[in-house]
Amino acid sequence: MHLEAVLKSSARHAKPAGLTLQYGTAGFRTKAEHLDHVMYRMGLLAVLRSKNTKSGIGVMVTASHNPEEDNGVKLVDPMGEMLAQEWEVYATNLANAEEHELQTVLTNIIKQESINMQQESFIAIGRDTRPSSENLSRSVIDGVSSLDSKFQDYGLVTTPQLHYVICCRNTNGAYGEPSVEGYYQKLSKAFKELIQQAPGHGSELGCLRVDGANGIGALKLKDMEQYLQPMLSIQFFNDGSKGKLNYMCGADYVKVQQKAPEGLDMKPGERCCSFDGDADRIVYYYNDHDNHFHLLDGDKIATLISTFIKELLSKMNLNVKMAVVQTAYANGSSTRYLEEVMKVPVYCAKTGVKHLHHKAQEFDIGVYFEANGHGTALFSKTAEDQIKRLVHTGATEEIRKSAQMLENVINLINQTVGDAISDMLVIEAILHLKGLTIQKWDEIYPDLPNRQLKVKVADRRVIETTDAERRTIKPPGLQEKIDEIVKIYNLARAFVRPSGTEDVVRIYAEADTQVNADALAHEVCLAAFSLAGGVGDQPQPLP
Ligand code: G16
């Protein structure tokens with residue numbers, strides 16, 4: 001196999017000698033200045049994957065919730081899902097090959113996957129608003145072009161918009177029109193139809209305050225706003241016109257800090273939400289009349305959506321298998337509510353949407369959400385067909401109406417990946433259809449107080465986990481220490497895991513009171529610091 005053009009161009013995207021990177025929770029992620037060679041090579045890999053699957057593949061340049069100085073890349077597989085895990089190894093090998101090894105690594109992938117290099121390929125490229133993203137996406141295009149592949153540069157798009165476009169292209173338009181315009185039209189049509197089905201609640205939802213994390217989500221939602229009026233009026237905050245991406249704002253900040261983003265003044269009861277840096281996550285929140293902040297995270301969203309779907313299914317007498325998939329971060333109260341009150345089976349997957357998505361695909365209807373607000377609902381082909389049939393053939397008006405509502409939910413929710421804009425519209429529609437205020441939604445079940453912390457260690461790979469990341473198996477003694485600490489507190493749970501997107505170890509703790517959750521998180525943090533090789537100053541208790 002002659003790859004002269006590839007090697008020649010590669011010299012313009014030279015890998016810093018000795019730099020090794022790991023394919024993490026959502027692709028490669030690190031400081032932007034270390035990523036030029038990775039982008040070029042992911043352009044190459046995307047072409048090989050496209051030839052291998054005989055389908056279009058997406059490459060999104062983004063580091064999502066990470067600070068503005070970071071960047072990263074997410075690869076999108078044919079149906080809009082994350083890159084198949086078997087290919088993550090190829091991605092790592094390719095990213096870490098020294099210049100002189102590149103030809104061998106490429107040839108091995110081609111051989112191992114029996115790739116026909118004459119097969120046509122197509123790559124869709126998108127990027128977020130980071131200052132480094134434009135140049136890095138050019139490096140992806142260089143990689144794609146050096147293998148003579150067709151491509152389309154979609155420019156500034158949200159991550160879920162790129163996933164949507166890929167799915168539309170590969171289903172020959174069955175999922176929708178493969179353009180950002182097509183995305184706006186599909187979602188807004190389903191949203192409008194859903195809202196109009198609300199008996200006696202009118203068709204205006206009032207104002208929603210959106211924190212755009214100073215990122216791409218704000219830009220795209222502004223473009224879409226005209227399609228949503230007059231039903232939904234949006235007030236934008238952190239729209240990128242002045243602040244820095246993800247700095248003191250955005251879904252990750254709000255979830256981890258458990259407070260409102262900077263620059264957003266809330267009056268009691270006002271409905272607010274935050275997107276993350278590439279608009280694939282969303283969390284809601286409000287202040288009550290005593291000015292206490294209330295967060296409605298991915299767990300609350302999963303409960304709202306799955307309860308709504310379950311109610312419709314029971315009105316339709318439709319017996320399909322539905323489940324909710326969460327991660328170890330799910331608040332214990334949400335899991336109990338879903339299992340014990342809603343009687344919905346709940347499964348725990350490892351962190352990373354790729355894991356939740358796969359688990360959710362095992363059911364007729366799989367609702368998956370990470371507590372950080374990343375999630376969606378998946379409907380199997382059989383479930384979709386049954387629902388669509390009932391829209392016309394349902395025995396009663398109630399069955400037909402419920403089926404119609406569910407069909408609109410199917411069209412409104414982005415089934416390819418978690419999507420802040422699509423999830424927001426689904427939530428707004430459900431609140432409206434059920435006549436729920438954000439307070440009433442919050443009151444469905446009370447969250448257990450919880451705390452997330454992070455700690456820096458010399459090499460986070462010294463921590464190995466098992467049981468969907470709920471327990472550690474390495475370093476020796478850490479799990480025993482955590483068990484010992486957890487025993488002291490009521491309704492307590494805690495775990496430690498290495499992040500796959502940042503160079504930190506994450507700590508999660510929940511307990512009966514906030515004071516206890518904070519103390520538990522701190523003690524676990526100290527244990528991780530001392531047993532996993534913490535660097536810098538010893539973590540201090542929360543003020
Ligand atoms: C990515 C993944 C999420 C994951 C998050 C944090 O989110 O897509 O599934 O929860 O990273 O992962 P970790 O704890 O391993 O750092 P995003 O929104 O940053 O792409």
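The structure presented is a predicted model; accordingly, all values stated were derived computationally and were not measured. Counting convention: from 1, in listed order, for ligands and their atoms alike.
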Polar proximity ligand 1 side, Tyr329 side, N/O cut 3.5 Å exclusive: no
Nearest neighbour in protein (non-hydrogen) for atom 9 (O) of ligand 1: Glu370 OE1, 2.5 Å
Close N or O approach (Gly500, ligand 1; < 3.5 Å): yes
Atoms in ligand 1 flagged as close to Asp276, the criterion being non-hydrogen separation under 4.0 Å: 18 (O)
Residue Gly352 vicinity, atoms of ligand 1 by number, heavy atom under 4.0 Å: 9 (O)
Any donor-acceptor N or O pair under 3.5 Å, side chains Glu464, Thr472: no
Element-labelled atoms of ligand 1 that are located less than 4.0 Å from some non-hydrogen atom of Arg506: 13 (P), 14 (O), 16 (O)
Close N or O approach (Thr351, ligand 1; < 3.5 Å): no
Numbered atoms of ligand 1 (with element) below 4.0 Å of Lys74, judged on heavy atoms: 20 (O)
Salt bridge Arg471-Asp483, side-chain N to carboxylate O under 4.0 Å: yes
Residue of the set Ile216, Val210, Asp239 for which side-chain contact (heavy atoms from CB on, under 4.5 Å) holds with Leu221: Val210
Tyr247 atom OH, neighbour heavy-atom count above 12 within 6.0 Å: no
Centroid separation Phe122 to Phe151 less than 6.0 Å: no
Per atom 16 (O) of ligand 1, closest listed option by heavy atom (Asp70, Thr159, Val504, Thr501): Thr501
Min N/O separation Ala63 to ligand 1 under 3.5 Å: no
Between His357 and Tyr368: side-chain donor-acceptor atoms closer than 3.5 Å: yes
Axial cation check for Tyr347 ring with Lys359, 6.0 Å and 45° limits: yes
Best match, Arg29, His374, Arg281: closest heavy atom to atom 5 (C) of ligand 1: Arg281
Backbone or side-chain N or O of Glu502 under 3.5 Å from ligand 1 N or O: no
N-O pairing of Asp364 and Lys321 below 4.0 Å: no
Heavy-atom gap Arg497 to ligand 1 smaller than 4.0 Å: yes
Numbered atoms of ligand 1 (with element) below 4.0 Å of Ser499, judged on heavy atoms: 13 (P), 15 (O), 16 (O)
Tyr175 six-ring face occupied by Lys186 cation (under 6.0 Å, within 45°): yes
Basic-acidic side-chain contact under 4.0 Å: Arg29, Asp70: no
Polar atom proximity, Asn66 to ligand 1 (N or O, under 3.5 Å): no
Those atoms of ligand 1 less than 4.0 Å from some heavy atom in His65: 17 (P), 19 (O)
Any N or O of Asn372 closer than 3.5 Å to N or O of ligand 1: yes
Sub-4.0 Å atoms of ligand 1 with respect to non-hydrogen atoms of Ser64: 17 (P), 18 (O), 19 (O), 20 (O)
Residue part near ligand 1, for Ala26, under 4.0 Å between non-hydrogen atoms: side chain
Atoms in ligand 1 flagged as close to Asp280, the criterion being non-hydrogen separation under 4.0 Å: 18 (O)
Derivation and outcome, side-chain hydrogen bond (donor to acceptor under 3.5 Å, both in side chains), residues Ser422 and Asn414: CA-CA 6 Å; Ser422 146; Asn414 187 341; 5.7 Å; no
Side chains of Tyr154 and Ser179, donor plus acceptor under 3.5 Å: no
